[in-house]
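Report on the structure given below.
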Amino acid sequence: MATPHINAAPGDFADTVLMPGDPLRAKYIADTYLENVRQVNDVRNMFGYTGTYKGREISVMAHGMGIPSVSIYAKELITDYGVKSLIRVGSCGAVRDDVNVHDVVIGMGASTDSKVNRMRFNDHDFAALADFELTQHAVAAAKAKNVPVKVGNIFSADLFYNPQTEMAEMLKRYGIVGVEMEAAGLYGVAAEFGARAMTICTVSDHILKGDSLSSADRQTTFDDMMLIALDTVLRDDAAHA
């Protein structure tokens, strides 16, 4: 039955959901890559769709901005709709010199300044990690498409406009491959409720260099990332066949 935030019917979602932050990016993915698409959610205009990719049923559902928002949708998809795998396809900022705008990064782990995982982990540190197999398949999918990717630790920030201006240099020093706002929360929800999760991001801006993409480019030009995510699902199926 419907949840407070999702009005889909039972069975409307596939067992694997791609999750961009932007509802219009969810629509773009569905319209561009999926066949036999039907819209399954429109509560708060947080669009969700289900269709097929190369014969495989896949859903795409926006999660909004920030850890609180992604945590709501991920939890309800897992516990109320039986979703087993969640792949975030989003944008991130860069801080390292060797990571540039348009690059694709994969969040093997997710550090954060948020307290949400401490709240769910009895005030202890929780290592927020992506599912290893999904990560492995994503790296293989990128290699097959000749798309270079950076794999490593990303940082999920609670504040987009962070008054701690020294943070960017510190994140660079620690080798962070991308800065975004959701992965650590997504990984914590997946761990708590027994699902699998991974994050793939396209670099939309470089925090230290000042390079950036337009909002229109962020919505429609992340095709390498989206194709990697879709092929990750197929590779994962093949590995478990």
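Position 1 is the first residue of the sequence, and the numbers go up from there.
- In this structure, CG on Asp103 lies 11.5 Å from OG on Ser204, to the nearest 0.5 angstrom.
- Contact check for Cys201 versus Arg88: side-chain heavy atoms found under the 4.5 Å cut-off.
- Here Ile176 contributes atom CD1 and Asn153 contributes atom CG; the two are 4.0 Å apart, rounded to the nearest 0.5 Å.
- Proximity of a side-chain donor or acceptor of Glu166 to a complementary backbone N or O of Glu169 within less than 3.5 Å is not detected.
- Annotation: cation-pi pair Lys27/Tyr49 absent, no NZ/CZ under 6.0 Å from the ring centroid and within 45° of its normal.
- Side chains of Phe155 and Val177 form no contact here, defined as non-hydrogen atoms less than 4.5 Å apart.
- Put simply, the side chain of Glu76 reaches to within 4.5 Å of the side chain of Ile72, judged on heavy atoms.
- Between the side chain of Asp131 and the backbone N or O of Leu134, at least one donor-acceptor pair lies under 3.5 Å.
- No donor-acceptor contact under 3.5 angstrom links the side chains of Asp80 and Thr3, judged on distance only.
- Panel note: side chain Thr112, backbone Ser156; a donor-acceptor pair is recorded below 3.5 Å.
- Rounded to the nearest 0.5 Å, atoms CD1 (Ile154) and OG (Ser111) are 9.0 Å apart.
- Here the side chains of Lys145 and Asp231 are in contact, with some heavy-atom distance below 4.5 Å.
- Note on Ile78: it does not cluster hydrophobically with Leu129, by side-chain heavy-atom contacts below 4.5 Å among ILVMFWY residues.
- Criterion: ILVMFWY side-chain heavy atoms under 4.5 Å apart, direct or through other members. Under it, Met46 and Leu24 are not part of a common hydrophobic cluster.
- In this structure a side-chain-to-backbone donor-acceptor pair under 3.5 Å is present from Asn117 to Ala184.
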Please walk me through it: do Thr232 and Ile87 pass side chain to side chain contact (heavy atoms under 4.5 Å, CB included)?
CA-CA 9 Å; Thr232 295; Ile87 301 176; 4.3 Å; yes
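- Within 6.0 Å of CE on Met167 lie more than 12 heavy atoms contributed by other residues, nucleotides or ligands.
- Residues Asp12 and Arg38 meet the side-chain proximity criterion, which asks for heavy atoms closer than 4.5 Å.
- We find that Lys209 and Asp211 are not joined by a salt bridge, their nearest charged nitrogen and carboxylate oxygen being 4.0 Å or further apart.
- Taken together through direct or relayed side-chain contacts under 4.5 Å among Ile, Leu, Val, Met, Phe, Trp and Tyr, Leu77 and Leu34 form parts of separate hydrophobic clusters.
- Taking the six-membered ring where the residue is Trp, the centroids of Phe13 and Tyr81 are separated by under 6.0 Å.
- Salt-bridge formation is detected for the pair Arg196/Glu133: a Lys NZ or Arg NE/NH1/NH2 atom is positioned less than 4.0 Å from an Asp or Glu carboxylate oxygen.
- The only option from Thr50, Asp15, Asn41 that meets the side chain to side chain donor-acceptor pair (under 3.5 Å) definition with Ser59 turns out to be Thr50.
- Salt bridge annotation for Glu35-Lys54: absent, with no cationic side-chain nitrogen under 4.0 angstrom from a carboxylate oxygen.
- Here the straight-line distance linking atom CE of Met170 with atom OG1 of Thr165 works out to 12.0 Å at 0.5 Å rounding.
- In this structure, His102 and Leu213 have side chains that are in contact, with non-hydrogen atoms separated by less than 4.5 Å.
- Between Asp237 and Arg56, at least one side-chain N (NZ, or NE/NH1/NH2) sits under 4.0 Å from a carboxylate O, which counts as a salt bridge.
- Between Ser91 and Thr202, the closest side-chain pair of non-hydrogen atoms is not below 4.5 Å.
- Residues Arg118 and Asp123 are paired through a salt bridge, judged by an N-O separation under 4.0 Å between the basic side chain and the carboxylate.
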Go through it in stages, so that I can follow the logic: the residues are Tyr53 and Leu227, the test is side chain to side chain contact (heavy atoms under 4.5 Å, CB included), and I'd like the CA-CA distance, side-chain angles, deciding distance and then a yes or no.
CA-CA 10 Å; Tyr53 177 72; Leu227 288 169; 4.0 Å; yes
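- Met61 pairs in a side-chain contact (heavy atoms from CB on, under 4.5 Å) with only one of the listed residues (Val40, Ile6, Leu86), which is Ile6.
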Run the numbers on Asp98 and Lys150 for side chain to side chain contact (heavy atoms under 4.5 Å, CB included), then give the verdict.
CA-CA 9 Å; Asp98 63 332; Lys150 298 290 194 301; 3.5 Å; yes
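- Around the OH atom of Tyr174, the shell of radius 6.0 Å holds no more than 12 heavy atoms that belong to other residues, nucleotides or ligands.
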Steps toward side chain to side chain contact (heavy atoms under 4.5 Å, CB included) verdict (Gln164, Leu159):
CA-CA 10 Å; Gln164 297 176 331; Leu159 294 177; over 6 Å; no
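- Val203 and Leu208 are assigned to two separate hydrophobic clusters, defined by single-linkage of ILVMFWY side chains at heavy-atom distances under 4.5 Å.
- Between Tyr28 and Met226, the closest side-chain pair of non-hydrogen atoms falls below 4.5 Å.
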Dump the intermediate steps for salt bridge (Lys or Arg N to Asp or Glu O under 4.0 Å) on Glu192 and Lys75, then the final yes or no.
CA-CA 9 Å; Glu192 181 178 4; Lys75 190 271 182 190; over 6 Å; no
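- Under a hydrophobic clustering in which Ile, Leu, Val, Met, Phe, Trp and Tyr are joined whenever their side-chain heavy atoms come within less than 4.5 Å, directly or via other members, Val179 and Met181 fall into different clusters.
- Contact check on Asp158 versus Lys115 returns no salt bridge, with no Lys/Arg side-chain nitrogen under 4.0 Å from an Asp/Glu carboxylate oxygen.
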